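What follows is one structure encoded as structure tokens, with my remarks underneath.
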Amino acid sequence: MTRTTRIIALLGALLWAGLARAETITVAVAANFTKTAEAIGAAWEAQSGHEVRFAFGPSGKLLAQIQHGAPFDAYFSADTRRPQILVEAGEARDFFVYAGGKLALYSATLPVDENAEAILADGDYRHLAMANPKAAPYGAAAKQVLEQRNLYERLKTAGRIVQGESIGQAFQFAATGNAQLGFVALSQLQDPDSPVKDKGHIWMPPTEDYDPIRQGAVALTRSRHPEVVDDFLAFVRGETAAEIIRRFGYDVP
């Protein structure tokens with residue numbers, strides 16, 4: 001065997017060894033964190049050589065899927081209660097808070113940044129979009145903001161509230177104009193690729209009007225790739241991911 005052939009064989013062996021070690025994990029992620037998770041995932045894949053696939057949806061629906069045996073390796077919720085339920089049941093470990101979310105009221109046409117409360121109460125709009133408060137923490141926060149102003153039941157009875165299954169669907173209603181205004185995640189407006197970035201009107205409800213949106217993550221004990229999951233979660237806790245999380249409008253614990 002010539003020297004060149006030996007070098008090619010060695011490089012081939014090293015490449016094969018690298019490929020053989022690459023693993024794929026699947027992570028269930030709350031819909032509000034979609035774009036942020038994709039950016040973090042791309043950065044982690046470039047560093048680790050592993051692959052991460054995401055399943056996005058409302059936190060409550062993802063929890064139900066996990067409890068019914070869905071083959072996820074980790075769970076990123078939009079709250080802390082749901083992942084802790086899994087820890088208490090022995091189905092998850094290594095709970096940590098990865099982001100702090102903020103609620104925003106968005107409208108493409110109505111000046112909610114000038115007088116949101118009057119517009120919500122008496123404004124000329126047909127539909128207000130929000131996520132289902134039973135399944136999505138951002139929907140629960142929106143309900144609290146409306147209840148603070150004695151508006152939730154009135155608007156619901158009048159048929160003005162249109163609920164999305166997740167905060168992602170609520171954002172679509174508001175961003176496309178199918179609802180004239182909607183409660184969304186601030187991150188959906190600050191996403192660099194958001195179709196409404198730097199457009200329309202935004203009102204930030206006082207944070208004391210709703211419970212803090214602290215988003216928690218866990219590794220699932222059923223994972224067949226615990227070391228790879230640990231590596232991914234360590235990356236999420238690191239400075240590279242923290243910079244991405246801040247860029248999308250979240251607080252970093």
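If you're wondering where the values come from, they're calculated on a predicted model, not measured in any experiment.
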For this session: Give a yes or no on this: more than 12 heavy atoms of other residues, nucleotides or ligands lie within 6.0 Å of atom CD of Glu208.
Result: yes
For this session: Answer with yes or no after comparing the ring centroid distance for Phe76 and Phe54 against a 6.0 Å cut-off, counting only values under it.
Result: no
Exercise. Does the side chain of Gln215 come within less than 4.5 Å of Thr80's, by heavy atoms?
Worked result: no
For this session: Taking the side chain as every heavy atom from C-beta outward, state whether Pro58 and Gln169 have any atom pair closer than 4.5 Å.
Result: no
For this session: Work out which heavy atom in Ser166 is nearest to a heavy atom in Gly57; give both atom names and the distance.
Result: CB-C, 4.5 Å
For this session: Apply side chain to side chain contact (heavy atoms under 4.5 Å, CB included) to the pair Val29 and Thr34, showing each step before the final yes or no.
Result: CA-CA 7 Å; Val29 178; Thr34 298; 5.9 Å; no
Exercise. Can you name the closest pair of heavy atoms from Ala43 and Ile244 and give their distance?
Worked result: CB-CD1, 4.3 Å
Exercise. Is Phe95 reachable from Ile25 through a run of hydrophobic residues whose side-chain heavy atoms are each under 4.5 Å from the next?
Worked result: no
Problem set entry | Test side-chain contact (heavy atoms from CB on, under 4.5 Å) applied to Gln65 - qualifying residues, sequence neighbours left out | Lys61, Leu62, Ala70, Phe72
Exercise. Quick one: CD1 on Ile40 to CZ on Phe235, what's the gap to the nearest 0.5 Å?
Worked result: 7.5 Å
For this session: Answer yes or no: does atom CZ of Arg93 have more than 12 heavy-atom neighbours from other residues, nucleotides or ligands under 6.0 Å?
Result: yes
Seminar exercise, completed: Rounded to the nearest 0.5 Å, the CD atom of Glu153 sits from the CD atom of Glu147 at a distance of 7.0 Å
Problem set entry | salt bridge (Lys or Arg N to Asp or Glu O under 4.0 Å) contacts in which one or both residues fall within residues 97-112, not counting sequence neighbours | Lys102-Asp251
Exercise. Which heavy atom of Gly101 sits nearest a heavy atom of Tyr138, and at what distance?
Worked result: CA-OH, 3.1 Å
Exercise. Closest approach of Thr109 and Gln180, non-hydrogen atoms and distance?
Worked result: OG1-O, 4.5 Å
For this session: Begin from the C-alpha positions of Gln188 and Asn32 and carry the test side-chain hydrogen bond (donor to acceptor under 3.5 Å, both in side chains) through to its verdict.
Result: CA-CA 7 Å; Gln188 292 170 311; Asn32 74 88; over 6 Å; no
Problem set entry | Among His50, Glu51, Arg53, the one residue meeting side-chain hydrogen bond (donor to acceptor under 3.5 Å, both in side chains) with Thr24 | Glu51
Problem set entry | Reference residue Met130; test side chain to side chain contact (heavy atoms under 4.5 Å, CB included); the match among Val162, Leu146, Val145 | Leu146
Problem set entry | With Ala42 via side-chain contact (heavy atoms from CB on, under 4.5 Å) - residues at least two apart | none
For this session: For atom NZ of Lys197, decide whether the heavy atoms of other residues, nucleotides or ligands shown that lie under 6.0 angstrom number more than 12.
Result: yes
Exercise. Do any N or O atoms from the side chain of Ser194 and from the backbone of Gln190 form a donor-acceptor pair under 3.5 angstrom?
Worked result: no
Exercise. When you look at Leu220 and Asp73, which way does the side chain to side chain contact (heavy atoms under 4.5 Å, CB included) test go after all the steps?
Worked result: CA-CA 5 Å; Leu220 299 181; Asp73 296 288; 5.9 Å; no
Problem set entry | NZ-CG distance between Lys143 and Asn132, expressed to the nearest 0.5 angstrom | 9.5 Å
Exercise. Can you name the residues that form a salt bridge (Lys or Arg N to Asp or Glu O under 4.0 Å) with Arg81, not counting sequence neighbours?
Worked result: none
Exercise. So do the side chains of Thr36 and Phe33 get within less than 4.5 Å of each other, counting heavy atoms only?
Worked result: yes
Problem set entry | Centroid-centroid under 6.0 Å between Tyr250 and Tyr98 rings | no
Problem set entry | Flag side-chain contact, heavy atom, 4.5 Å: Pro192 against Phe248 | yes
Exercise. What residue pairs, at least two apart or across chains, pass ring pair (Phe, Tyr, Trp, His ring centres under 6.0 Å) with a residue in residues 172-228?
Worked result: none
Problem set entry | Pair Leu120-Leu105, side chain to side chain contact (heavy atoms under 4.5 Å, CB included): steps then yes or no | CA-CA 10 Å; Leu120 281 170; Leu105 180 67; 4.1 Å; yes
For this session: Taking all heavy atoms of Ala78 and all of Ile213, pick out the closest pair and write down the distance.
Result: O-CG2, 3.6 Å
Problem set entry | Remaining members of hydrophobic cluster (4.5 Å side-chain criterion), Val184 | Tyr106, Phe171, Leu186, Leu189, Val196, Ile202, Met204
Exercise. Which residue pairs satisfy the salt bridge (Lys or Arg N to Asp or Glu O under 4.0 Å) criterion with at least one member in residues 103-129, sequence neighbours excluded?
Worked result: Glu117-Arg149
Exercise. How would you list, by chain and number, every residue that makes a side-chain contact (heavy atoms from CB on, under 4.5 Å) with Val252, sequence neighbours excluded?
Worked result: Ala242, Ile245, Arg246
Exercise. Can you name the residues that form a side-chain hydrogen bond (donor to acceptor under 3.5 Å, both in side chains) with Thr240, not counting sequence neighbours?
Worked result: none
Problem set entry | Within one Ile-Leu-Val-Met-Phe-Trp-Tyr cluster: Val52 and Phe96, side-chain cutoff 4.5 Å | yes
For this session: Not counting sequence neighbours, list each pair that qualifies as a salt bridge (Lys or Arg N to Asp or Glu O under 4.0 Å) and has a residue in residues 24-39.
Result: none
For this session: Scan for salt bridge (Lys or Arg N to Asp or Glu O under 4.0 Å) pairs involving residues 184-195, sequence neighbours excluded, and state none if there are none.
Result: none
Seminar exercise, completed: By side-chain contact (heavy atoms from CB on, under 4.5 Å), Arg82 pairs with (sequence neighbours left out) Ser59, Leu63, Tyr75, Ser77, Asp79, Pro137
For this session: Walk me through it: do Arg154 and Ile161 pass the test side chain to side chain contact (heavy atoms under 4.5 Å, CB included)?
Result: CA-CA 10 Å; Arg154 177 155 73 87; Ile161 292 178; over 6 Å; no
For this session: With the side chain counted from C-beta on, respond yes when Glu91 and Val218 share a heavy-atom pair under 4.5 Å apart, and no when they do not.
Result: no
Seminar exercise, completed: Residues Ala219 and Val229: closest non-hydrogen pair is CB-CG1, 3.7 Å
For this session: Would you give the length of the straight line joining atom CG of Leu233 to atom CH2 of Trp44, rounded to the nearest 0.5 angstrom?
Result: 9.5 Å
